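Right, one structure below, let's go through it.
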Amino acid sequence: RALGLERAVGLTGGYKAYRAFVRGELAAWTPRPAFVLRGLTGVGKTLVLRALERRRPGWTVDLEGLAGHRSSILGMVGLEPRSQRAFESHLAARLRALDAEAPLVFEGESRKVGDAIIPERVWAALDAAENVLLTADTERRVEVLLADYLEHPASREGLRAQLPFVEQRLGSTRFGGRLVELLDTGRERELVALLLERYYDPLYRHSEKGRAYACTIDAADPERAADEIAAYVESRAAAR
């Protein structure tokens, strides 16, 4: 307080008590009917989710934003991934801030977002949610990923450091050094298109095999897509 921090307080039980409180909150959280935005990498699911939050505050949970990771092999590029403890603290705070009477909207994730594991109750809500499929053409998806990966100059080196791991998965004999070369020679669009075609799309289609979607929405314009999702979710909520 002498340093000007007027809200400084002492916490009975210290950090261990705080951690117990957070974990207890997450374990006791009651899931409610939810909706999940799904779609191929680069369609702009996060952009649409954030546009929806601007229109309907308290509807959304941005798990990738809370984890500081895009939930992919290149998901940490340009971001600062959070530890499991920090992720849980931010997630608990977000769940507290939600409108308890409003619909709940997630972006589709696996159980892990980077190294952060989604708590059981939140995962149950996401896994059982009604699926909304977002679509966009390849050109739009390339633009979205370029903005994600190379938004800041420092991100370029982070991306370069991760590309060899993708090359290994694609086959080091054929792709060894090829992705790095595309980046180093300024052929970023070609690089991202190749990543979508050879890596992200096959992986995503395999993970989504057999999944049913309640509706399909064009996400090329995130603002318009958010309007359509808000209208759809409200119509479904009213019908329940």
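For clarity, every value in this text was computed on a predicted model and none was experimentally measured.
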Strictly distance-based, threshold 3.5 Å: is any side-chain N or O of Lys45 a donor or acceptor partner for the main-chain N or O of Gly39? yes
Taking the six-membered ring of Phe87, is NZ or CZ of Lys112 closer than 6.0 Å to its centre and within 45° of its axis? no
Taking CZ in Arg140 as the centre, count heavy atoms belonging to other residues, nucleotides or ligands within less than 6.0 Å. Is the count above 12? yes
Would you sort out whether Val105 and Val36 count as a side chain to side chain contact (heavy atoms under 4.5 Å, CB included), showing the intermediate values? CA-CA 6 Å; Val105 184; Val36 175; over 6 Å; no
Verify, without hydrogens or angle tests, whether His206 (side chain) and Pro202 (backbone) share a donor-acceptor contact under 3.5 angstrom. no
Listed by chain and number, what are the salt bridge (Lys or Arg N to Asp or Glu O under 4.0 Å) partners of Glu88, not counting sequence neighbours? Arg19
Distance from Thr173 atom OG1 to Gln168 atom CD, nearest 0.5 Å? 11.0 Å
Between OG1 on residue Thr12 and OH on residue Tyr18, distance to nearest 0.5 Å: 15.5 Å
When rounded to the nearest 0.5 angstrom, what is the spacing between CG in Leu134 and CD1 in Ile229? 5.0 Å
Closest approach of Val144 to Gly42 (non-hydrogen atoms, all atoms of both residues): CB-O, 3.3 Å
Apply side chain to side chain contact (heavy atoms under 4.5 Å, CB included) to the pair Leu182 and Leu163, showing each step before the final yes or no. CA-CA 10 Å; Leu182 290 175; Leu163 287 176; over 6 Å; no
So, the side chain of Asn131 versus the backbone of Ala212: is there a donor-acceptor pair under 3.5 Å, distance only? yes
Of all residues at least two apart in sequence or in a different chain, which pass the salt bridge (Lys or Arg N to Asp or Glu O under 4.0 Å) check with Glu157? none
Would you call Glu6-Arg1 a salt bridge at under 4.0 Å N-O? no
Is there a chain of hydrophobic side chains (I, L, V, M, F, W, Y, each step under 4.5 Å between heavy atoms) that links Tyr213 to Val48? no
Arg224 atom CZ, over 12 foreign heavy atoms within 6.0 Å: no
Applying salt bridge (Lys or Arg N to Asp or Glu O under 4.0 Å) to Arg82 and not counting sequence neighbours gives none
Check residues 113-122 and write down every donor-acceptor pair under 3.5 Å in which the side-chain atom is one partner and the other belongs to a residue at least two apart or another chain.
unit_1: Arg121; atom_1: NE; unit_2: Ala27; atom_2: O; d: 3.2
unit_1: Arg121; atom_1: NH1; unit_2: Trp29; atom_2: O; d: 3.3

Walk me through whether Glu107 and Glu109 qualify under side chain to side chain contact (heavy atoms under 4.5 Å, CB included). CA-CA 6 Å; Glu107 176 181 343; Glu109 306 289 352; 3.9 Å; yes
Regarding Thr41 and Tyr199, is there a side-chain donor-to-acceptor distance under 3.5 Å anywhere? no
I'd like to check Thr135 versus Val43 (side-chain heavy atoms, cut-off strictly below 4.5 Å). Are they in contact? no
With sequence neighbours left out, what residues match Glu234 under side-chain contact (heavy atoms from CB on, under 4.5 Å)? Arg56, Trp59
Are Leu11 and Val22 grouped together when hydrophobic residues (ILVMFWY) are joined by side-chain heavy atoms under 4.5 angstrom apart? yes
Ion pair check, Glu208 and Arg38, cut-off under 4.0 Å: yes
Does Arg94 have any salt bridge (Lys or Arg N to Asp or Glu O under 4.0 Å) partners at least two apart in sequence or in another chain, and if so, which? Glu53
Carboxylate-amine/guanidinium contact Glu167 Arg198, below 4.0 Å: no
Any chain of hydrophobic side-chain contacts (each under 4.5 Å) joining Leu52 to Ile217? yes
Electrostatic pair Asp201-Arg141, nearest N-O below 4.0 angstrom: yes
Check: Ala51 main-chain N/O paired with Arg55 side-chain donor or acceptor under 3.5 Å: yes
Calculate, to the nearest 0.5 Å, the distance between atoms CG and CZ belonging to Leu170 and Phe165 respectively. 14.0 Å
Step by step, would you call Arg169 with Phe175 a side chain to side chain contact (heavy atoms under 4.5 Å, CB included)? CA-CA 9 Å; Arg169 294 196 177 186; Phe175 288 93; over 6 Å; no
Are Phe106 and Leu47 linked, directly or through intermediate hydrophobic residues, by side-chain heavy-atom contacts shorter than 4.5 Å (ILVMFWY only)? no
So CD of Glu25 and CG of Leu91: to nearest 0.5 Å the spacing works out to 9.5 Å
Output the distance between atom CG (Asp148) and atom CG (Leu159), rounded to the nearest 0.5 Å. 11.0 Å
